[in-house]
Amino acid sequence: MLTLYRNARLCTLDGAYGWGLIDEGALLAEGDMLRWVGPESELPSDVVAARTHDLGGDLVTPGLVDCHTHLVYGGQRADEFEQRLNGASYEDIARTGGGIRATVRATRAASDAELLAATRERTRTLMHAGVTTVEIKSGYGLSLEHEARCLRAARKVGQELPLTVRTTCLSAHTLPPEFEGRADDYIDAVCTWLPQLKAEGLVDAVDAFCERIAFTPAQTGRVFDAARALGLPVKLHAEQLSDQGGAALAARYGALSCDHLEYLDPQGIAAMARAGSVAVLLPGAFYFLRETRLPPVAALREAGVPIALATDHNPGSSPTLNPLLMLNMACTLFRLTPEEALRGFTVNGARALGLHDRGQLAAQQRADFVAWPLHHPNELSYWLGSNPACRVFIGGQEV
C-alpha cells in the first residue's frame, strides 16, 4: 500500500554533501520503506496513493539515530557532579569506588520491573525528541546475571516501542568489586559470557572501555577476539581520558566505531580511515566533565573519517536526553557545522551501528523521518536547549 506525505520542505541529506533541500517536497512510502522522494510537482503521474498525509509545510529530516547510549541503569550520581565541581576528577571518583561502580551497585539492586520501566521512559523521551533508532549498551551489571538482565530490558523496550533498538554488550566497562585486583580473570569471564548472551539473542555488537581506569589494549583485544569468533561487530570507548592506542586497535578489528576520541592521535585517525570506522563524538560528556582537550575534528575531516554524534546518555558523565542540545554543543564546542552535526545524528549515526538503510530521505531507505515546525535545518542546532514539538514517523507510521 502506497502512502503519500506531501506539502513539506525536505532536508534529504542525500549524497555526501549538502542539505539536499527540496521545497514543496513529497515522500512516497510503501510499507516501512521510501519508494520515491522529490518535488511534489514531479510526482509520477501513475502513482495512486491509498493514503495521503499533509505535513503542513513543516521541515522534514531523516529520523535521528542515537548511536551511543547507556539507558539501562539504576540510581543517579548527582553527588559526584557536586564532587567534581568541588575539585575531584572523574578518575579520582572512580578510583575511590564511585563512578561506574556506584551505578553497578544501584543497577544490581534494582528489580527487573524497575530497570524496564526506567529504560522505557528514557527511550520514550528520546523517541519523542525525534530519535527513531537508538543503541542501548549494557555495562552496569558486570556479572553474567546482571548483564543479561540489562540486555533483556533493552530488547524488551525495542519490542514495546516502535523505534529500532540495537543492543551492545559493554561488560568490559570497568572492573566489578568481586574481581578487584584480577582484571585478567574478569576479562576471561566476559569472554565466556558472550556466547551465552549471543545464544539468547541479546547482543548486536560488543564494546569495551580501553582506558587507564578500565582495561588495557591487550585485555580489550581478548574481548574483541571473542566477539569476532562469534561473528559480532565491535565498537570501542577509546582515547577519552588518555591515549591508549585503542582506536588503532579497534580499527584492526574493523570496528564499526570508536567513541569519545579527545586524545586520538594521527596513527589512530589513519587506522580508522583505513578500516572505515566511524568517529562518534560525545559533546555531552565533554561538557559535563568540563574536559578541555578537543577531539581532532579537522584531522578527522581531512582523513575522510565519518563523524557521528550521540547523547551518550548515562548517569555519570552525560545525563541528557536532548539530542538537539547535542547538535548545538557539537557546533559550539567542537566546531562542527550545522550540516555536519545533523549528518552526525542521522546517516553517520546509522553507519556507526552498521545500518545503511536509514539516515537519509531517499528511495530504498526506511520511512523514518521527523516533521519539525521550522524553516531551515540549521535551526535544529541553533535553538539552544529547545525541543520543538515535532511529529515522528517510524516505518511510515506516526508515533
Side-chain angles (χ1 to χ4, degrees), residues 8-22 25 27 29 32-38 59-69 126-127 129-135 163-166 204-205 233 235 255-259 261 272-273 275-283 297 300-301 303-312 323-324 326-328 330-331 334 336-372 376-381 390 392-396:
R9 188 167 204 233
L10 304 181
C11 171
T12 67
L13 300 178
D14 194 11
Y17 302 100
W19 293 110
L21 290 175
I22 300 176
L27 307 166
D32 60 1
M33 301 296 290
L34 293 172
R35 297 305 179 199
W36 182 89
V37 177
L59 173 73
V60 174
T61 70
L64 303 183
V65 178
D66 197 349
C67 64
H68 181 132
T69 81
L126 286 174
M127 184 175 68
V131 172
T132 56
T133 299
V134 63
E135 184 241 30
L163 81 173
T164 299
V165 172
R166 301 290 283 182
D204 296 316
K235 304 163 68 69
L256 291 174
S257 72
C258 299
D259 303 25
L261 303 178
M272 290 178 64
S277 300
V278 177
V280 179
L281 306 185
L282 303 168
V297 170
L300 289 167
R301 280 193 196 112
V305 176
I307 296 174
L309 300 172
T311 62
D312 188 20
L324 298 192
M326 298 303 97
L327 297 185
N328 177 273
C331 295
F334 296 165
L336 267 65
T337 67
E339 181 200 329
E340 286 176 321
L342 185 56
R343 284 183 177 273
F345 236 111
T346 51
V347 60
N348 289 339
R351 187 169 173 178
L353 298 178
L355 300 173
H356 299 277
D357 63 346
R358 65 201 68 199
Q360 297 174 305
L361 299 181
Q364 307 310 313
Q365 291 275 292
R366 275 187 56 86
D368 293 352
F369 55 92
V370 185
W372 311 89
H376 195 279
N378 60 20
E379 293 182 67
L380 292 169
S381 54
C390 59
V392 181
F393 296 80
I394 300 177

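Computed from a predicted structure; not experimentally measured.
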For the residue pair [X] and [Y], establish whether any side-chain heavy-atom pair is separated by less than 4.5 Å.
| X | Y | value |
| --- | --- | --- |
| W372 | L324 | yes |
| K235 | H68 | no |
| T61 | T346 | no |
| V347 | P62 | no |
| Q365 | M33 | no |
| D259 | C67 | no |
| P323 | L126 | yes |

Flag, side chain of [X] to backbone of [Y], donor-acceptor distance under 3.5 Å:
| X | Y | result |
| --- | --- | --- |
| D368 | G395 | yes |
| D14 | A362 | no |
| R343 | G18 | yes |
| Q364 | W36 | no |
| S277 | A255 | yes |
| Q360 | T12 | no |
| E135 | R166 | no |

Full working for side chain to side chain contact (heavy atoms under 4.5 Å, CB included) between R358 and T164: CA-CA 11 Å; R358 65 201 68 199; T164 299; 3.0 Å; yes
Let me confirm one number: the [atom1]-[atom2] distance from [X] to [Y], rounded to the nearest 0.5 Å.
| X | Y | atom1 | atom2 | result |
| --- | --- | --- | --- | --- |
| S381 | L309 | OG | CG | 10.5 Å |
| E340 | N348 | CD | CG | 9.5 Å |
| I394 | L163 | CD1 | CG | 5.0 Å |
| D312 | T69 | CG | OG1 | 8.5 Å |
| L34 | F369 | CG | CZ | 7.0 Å |
| N378 | L59 | CG | CG | 9.5 Å |

Considering all heavy atoms of both residues, which atom of [X] and which atom of [Y] are nearest to each other, and what is their separation?
| X | Y | value |
| --- | --- | --- |
| F345 | L327 | CD1-CD2, 3.7 Å |
| V131 | V134 | CG1-CB, 4.2 Å |
| A352 | L256 | O-CB, 3.5 Å |
| C11 | L361 | O-CD1, 3.7 Å |
| A367 | A29 | CB-CB, 4.1 Å |
| G359 | L13 | O-CD1, 4.2 Å |

Parallel, tilted or perpendicular, as decided by the 30° and 60° cut-offs, for the rings of W19 and H376: perpendicular
Between R366 and T133: side-chain donor-acceptor atoms closer than 3.5 Å: no
